[in-house]
Asker: 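One structure coming up, written as structure tokens, with questions to follow.
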There are 2 protein chains.
Amino acid sequence: MPNSELSSLGNTSHTAENTQADNALCLENQVCFSLYSAANAMVRAYRPMLDKLDLTYPQYLVMLVLWQEQGISVKTLGDKLFLDSGTLTPLLKRLESKGLVSRGRSDQDERVRVLSLTSAGQALKLEASEIPHLMRCKIGAEIEDLKALKSMCDKALKQLHASIE
Amino acid sequence: MPNSELSSLGNTSHTAENTQADNALCLENQVCFSLYSAANAMVRAYRPMLDKLDLTYPQYLVMLVLWQEQGISVKTLGDKLFLDSGTLTPLLKRLESKGLVSRGRSDQDERVRVLSLTSAGQALKLEASEIPHLMRCKIGAEIEDLKALKSMCDKALKQLHASIE
DNA sequence: GTAATTTAAGTTGTGCACAATTTAATTGTG
DNA sequence: CACAATTAAATTGTGCACAACTTAAATTAC
């Protein structure tokens, strides 16, 4: 029998009929389901820490970018976070109404928003500084494992983006 | 300098002040962001295939479970998918209104829903059978890499669940 | 220089995820 | 038996993600 294994990771031996498709359609063999569940669990794990800052996880990601670099556009932010204006516009409005972010306009190009932090937004960085450490304790993995996980996620993401073309 | 590296994966050398926290709060070093982005991209990649079956990715997951085992409760389904009734009840109603799933009641316990497939729901399995193969092509990774990715996601998920206790 | 095209951001609508709460049925305890 | 506690599912409300579309400004082509 040629190894025409599908996207499942189960073994190819089978005793009943149609087991190949059964294997492929089996929840236990779904890489994507593991990815999806781990991502959900990760967001859940962040929640109690982020609640103290009154941030959601996607809002925290936006703050991470802005703590690093201000004056960027919604487009640039979206390119960094792989999110579109449909997601970011309302999110940024929420951050603005919390007094963390200001949404200016570019002088050169009236279409683009220029995103920057208020002093409160800037100050929040200090309160957030312990989160990465706390989170790493929650995941409780070796740094090498985390590096490997990150690099495989990045690789998968790159491939999936390429497959759209 | 002791290596008190935070959950970032960046190197520990720094030239400016406060670089340790900067490193930890840097988007490029966030394992969780990679996980989150990869999971989003994965769901996006499934969409064109699942559109043909008129299913969303979470609906597809429910169908995967029911193709494997019917007569289970919402609770059991939720335990398998790591989702709660707040997510599953409306999702199952949608699957019911599409004529794929029936939501009966247990005779022994009037509280529990007994989930089963209609003939249309059962038949959809055949149409879905090519999806795992197509998806693996999209991710385009070696099977060993996928196995590693899956096992690390499962490990992270387990840890994150444990850290709630 | 004006019309066609492109681009940035915003809007609308759908479907998750999940916290918090509610409802109703079952189980446990005195 | 009664009544407290537990459990299963549903409900409500918030905030993503994203597709599809709209609006308006900038760019390009002629």
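Just so it is clear: chains get the letters A, B, ... in the order the sequence lines come, proteins before strands, and each one is counted from 1.
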Asker: Which value, rounded to the nearest 0.5 Å, describes the distance between A:E28 atom CD and A:S34 atom OG?
Answerer: 9.5 Å
Asker: Tell me whether the side-chain N/O atoms of B:R47 come closer than 4.0 Å to OP1 or OP2 in D:dC18.
Answerer: no
Asker: Could you check whether any side-chain N or O of B:S106 sits under 3.5 Å from a backbone N or O of B:V112, counting only pairs where one atom can act as donor and the other as acceptor?
Answerer: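 No, the answer is negative, given that no donor and acceptor are paired below the 3.5 Å cut-off.
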Asker: How sharply is the helix from C:dG1-D:dC30 to C:dG30-D:dC1 bent, taking the axes over five pairs at either end and rounding to 10 degrees?
Answerer: 10°
Asker: Heavy-atom nearest nucleotide on DNA chain C for A:V114 versus B:E110: which residue maps closer to 5'?
Answerer: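 Mapping each residue to its closest nucleotide by heavy atoms, the 5'-most match is A:V114.
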Asker: Of A:G86 and A:D109, whose nearest nucleotide on DNA chain C comes first from the 5' end?
Answerer: A:D109
Asker: If Ile, Leu, Val, Met, Phe, Trp and Tyr residues are connected whenever their side-chain heavy atoms lie under 4.5 Å apart, and connections chain through other members, are A:V114 and A:L88 in the same group?
Answerer: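 Not linked; separate clusters.
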Asker: Would you name the heavy atoms of A:Q70 and A:L117 that are closest together and state the gap between them?
Answerer: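 Taking every non-hydrogen atom into account, OE1-N, 2.8 Å.
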Asker: Hey, does the side chain of A:K98 reach the backbone of A:D54 with a donor-acceptor pair shorter than 3.5 angstrom?
Answerer: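 Confirmed, A:K98 side chain pairs with A:D54 backbone.
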Asker: Remember a base hit wins even if backbone is also touched, and classify B:T56 as base, sugar-phosphate or nothing at under 4.0 Å, heavy atoms.
Answerer: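 Answer is sugar-phosphate: B:T56 comes under 4.0 Å of backbone atoms only.
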Asker: Would you confirm whether A:Q30, through its side chain, and A:A24, through its main-chain N or O, come within 3.5 Å as a donor-acceptor pair?
Answerer: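 Answer holds: yes.
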Asker: A:L83 CG to D:dC18 P: how many Å, rounded?
Answerer: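 After rounding, the gap between these two atoms is 6 Å.
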Asker: Starting from P on D:dA8, measure out to CG on B:D84 and report it in whole angstrom.
Answerer: 13 Å
Asker: Is there a residue in residues 87-108 of chain B whose heavy atoms reach under 4.0 Å of DNA chain C, and which residues are they?
Answerer: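 When residues 87-108 of chain B is checked for heavy atoms under 4.0 Å from DNA chain C, the hits, listed by number, are B:T87, B:L91, B:R94, B:Q108.
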Asker: Both A:P58 and A:S85 contact DNA chain D. Taking the nearest nucleotide for each, which residue is further toward the 5' end?
Answerer: A:P58
Asker: Where the side chain of B:W67 meets the backbone of A:C26, is there a donor-acceptor pair that is under 3.5 Å apart?
Answerer: no
Asker: So, B:R113 side chain and B:V74 main chain: donor-acceptor pair closer than 3.5 Å or not?
Answerer: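 No: the side chain of B:R113 does not pair with the backbone of B:V74.
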Asker: At a heavy-atom distance below 4.0 Å, which nucleotide of DNA chain C is the first touched by chain A, and which is the last?
Answerer: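 Extent of the interface on DNA chain C: C:dT7 to C:dA19.
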